[in-house]
Amino acid sequence: MRRRTLLTATPALMTPSLAHAQAKPLRYIPNASLSAIDPIWTTALVAGIHGYMVFDTLYGLDHTGQTHPQMCSGHEVSADGLTWTFTLRDGLMFHDGEKVLAKDCAQSVRRWCSRDSFGQAMIAVTNEIEVLDDRRFRIRLKKPFSQMLYGLGARGCFMMPERTAKTPGTEQIKEAIGSGPFRFLPEAWVSGVSAAYTKFDKYLPRQEQPSFLAGGK
């Protein structure tokens, strides 16, 4: 059976299609209503929660503060610390059925860097973010940036399709399509009132125990 997660402050405002769903919804009330679906464009906590449901990240921070691969299978760093090469796990897919490619991630990192203060510090010492093939991209630095993985794993660096990530950071994205464990249901969203999600059946979780933002979701 499909599971739905509903953010709502007033259950009576549910749409009829959700109220009569065969599966019993799981409802919760967040700290604020979801009025923006772009967790890069806004720093609102509720948008960040929405982001972790819909999108995924290259790395994740565990409960001890250590970073672990999430969408990545791993990375390589040159001896001088200036070249980082990231490789995606095989089988990752967006909610619209398209494969997650390195070009999507490279563009998503660029967009995140344009908004996040940590990302801005990183891009200031970056020479180039380049795509090597469908599963690999590379970040070449001007000088070492030791907190690279922390930035990618703990600062809401969400991966989006390239077409979406090309949206300027000063503009909000028009659709919330990610590769995370839940699909956003735009037809059920009433801005500032309620939002709904359903389990993404093709989500490919890691085979580790979940720990904060890391592990199998």
Side-chain angles (χ1 to χ4, degrees), residues 38-89 92 100-133 135-162 164-170 173 178-181 205-217:
D38 188 347
I40 302 298
W41 177 77
T42 177
T43 57
L45 177 60
V46 67
I49 295 171
H50 157 86
Y52 278 106
M53 294 174 67
V54 175
F55 305 101
D56 210 348
T57 56
L58 297 172
Y59 283 76
L61 194 73
D62 71 13
H63 73 283
T64 69
Q66 300 298 310
T67 52
H68 302 270
Q70 193 65 28
M71 294 175 71
C72 283
S73 61
H75 65 277
E76 297 178 355
V77 186
S78 61
D80 60 8
L82 298 180
T83 302
W84 294 67
T85 303
F86 298 92
T87 302
L88 295 175
R89 290 193 287 137
L92 300 178
V100 177
L101 302 177
K103 65 178 183 179
D104 302 305
C105 299
Q107 187 60 38
S108 294
V109 171
R110 294 187 190 103
R111 185 170 190 263
W112 169 76
C113 285
S114 75
R115 295 291 291 181
D116 183 81
S117 58
F118 198 99
Q120 290 169 357
M122 188 186 87
I123 203 67
V125 297
T126 298
N127 269 324
E128 184 180 20
I129 301 176
E130 58 181 335
V131 176
L132 302 179
D133 52 40
R135 290 184 58 197
R136 296 183 304 148
F137 72 96
R138 182 161 56 202
I139 299 178
R140 294 194 304 108
L141 303 173
K142 301 172 185 176
K143 62 180 182 179
F145 190 74
S146 61
Q147 295 299 308
M148 173 79 73
L149 297 185
Y150 176 84
L152 299 179
R155 299 285 299 186
C157 185
F158 299 112
M159 298 298 105
M160 304 175 177
E162 182 186 39
T164 304
K166 285 183 176 180
T167 305
T170 53
I173 59 175
S179 62
R206 296 195 65 88
Q207 299 304 306
E208 297 104 20
Q209 290 295 315
S211 178
F212 194 41
L213 303 177
K217 296 181 182 178

Asker: So do the side chains of His75 and Pro69 get within less than 4.5 Å of each other, counting heavy atoms only?
Answerer: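 Of all side-chain heavy-atom pairs linking Pro69 with His75, none is under 4.5 Å.
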
Asker: Between Tyr52, Trp112, Trp41, which is the residue that forms a ring-ring contact (aromatic ring centres under 6.0 Å, His included) with Phe158?
Answerer: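 For Phe158, the ring-ring contact (aromatic ring centres under 6.0 Å, His included) check succeeds only for Tyr52.
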
Asker: Name all residues meeting the side chain to side chain contact (heavy atoms under 4.5 Å, CB included) criterion together with Thr64; count only those two or more places apart in sequence or in a different chain, and write none if there are none.
Answerer: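 Partners of Thr64 by the side chain to side chain contact (heavy atoms under 4.5 Å, CB included) criterion, ordered by chain and then number, come out as Asp62, Gln66.
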
Asker: Quick check against the 3.5 Å criterion: does Ser73 have a side-chain atom that pairs as donor or acceptor with the backbone of Thr87?
Answerer: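 Such a contact is found between Ser73 side chain and Thr87 backbone.
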
Asker: Tell me whether the count of non-hydrogen atoms from other residues, nucleotides or ligands lying under 6.0 Å of NZ in Lys142 goes above 12.
Answerer: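 Buried by this count: over 12 neighbours within 6.0 Å.
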
Asker: Compare every heavy atom of Arg206 with every heavy atom of Gln70, then report the nearest pair and how far apart it is.
Answerer: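 Heavy-atom minimum between the residues: O-NH1, 3.1 Å.
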
Asker: Taking the six-membered ring for Trp, are Phe118 and Phe145 ring centroids under 6.0 Å apart?
Answerer: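 Here the rings of Phe145 and Phe118 have centres that are less than 6.0 Å from each other.
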
Asker: Could you point out which residue of Asp104, Leu92, Leu88, Leu58 forms a side chain to side chain contact (heavy atoms under 4.5 Å, CB included) with Met159?
Answerer: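 One option only clears the test, and that one is Leu58.
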
Asker: Does CD in Glu128 sit with more than 12 non-hydrogen atoms of other residues, nucleotides or ligands closer than 6.0 Å?
Answerer: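 Check passes, neighbour count above 12.
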
Asker: Salt bridge (charged side-chain N to carboxylate O under 4.0 Å, His left out) between Arg115 and Asp38: does it pass, once the steps are laid out?
Answerer: CA-CA 12 Å; Arg115 295 291 291 181; Asp38 188 347; over 6 Å; no

Asker: Are the side chains of Pro39 and Phe55 in touch, meaning some heavy atoms are under 4.5 Å apart?
Answerer: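 Yes. Closest side-chain heavy atoms under 4.5 Å.
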
Asker: Is there side-chain contact between Thr126 and Arg110, with at least one heavy-atom pair below 4.5 Å?
Answerer: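 The answer is no; the side chains never approach within 4.5 Å.
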
Asker: Can you confirm whether the side chains of Thr57 and Arg155 place a donor and an acceptor under 3.5 Å from each other?
Answerer: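 No.
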
Asker: Ignoring hydrogens, what is the shortest heavy-atom contact between Val100 and Cys105? Give both atom names and the distance.
Answerer: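 Shortest heavy-atom separation between Val100 and Cys105 comes out as CG1-SG, 4.1 Å.
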
Asker: Considering all heavy atoms of both residues, which atom of Ser179 and which atom of Met71 are nearest to each other, and what is their separation?
Answerer: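 Nearest pair, atom of Ser179 first, then Met71: OG-CE, 3.6 Å.
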
Asker: Side chains of Val77 and Met148: closer than 4.5 Å at any heavy-atom pair?
Answerer: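 They are not in contact (no side-chain heavy atoms under 4.5 Å apart), so the answer is no.
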
Asker: Quick check, are the ring centers of Tyr59 and Tyr150 under 6.0 angstrom apart?
Answerer: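 Ring-ring flag for Tyr59/Tyr150: false, centres at least 6.0 Å apart.
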
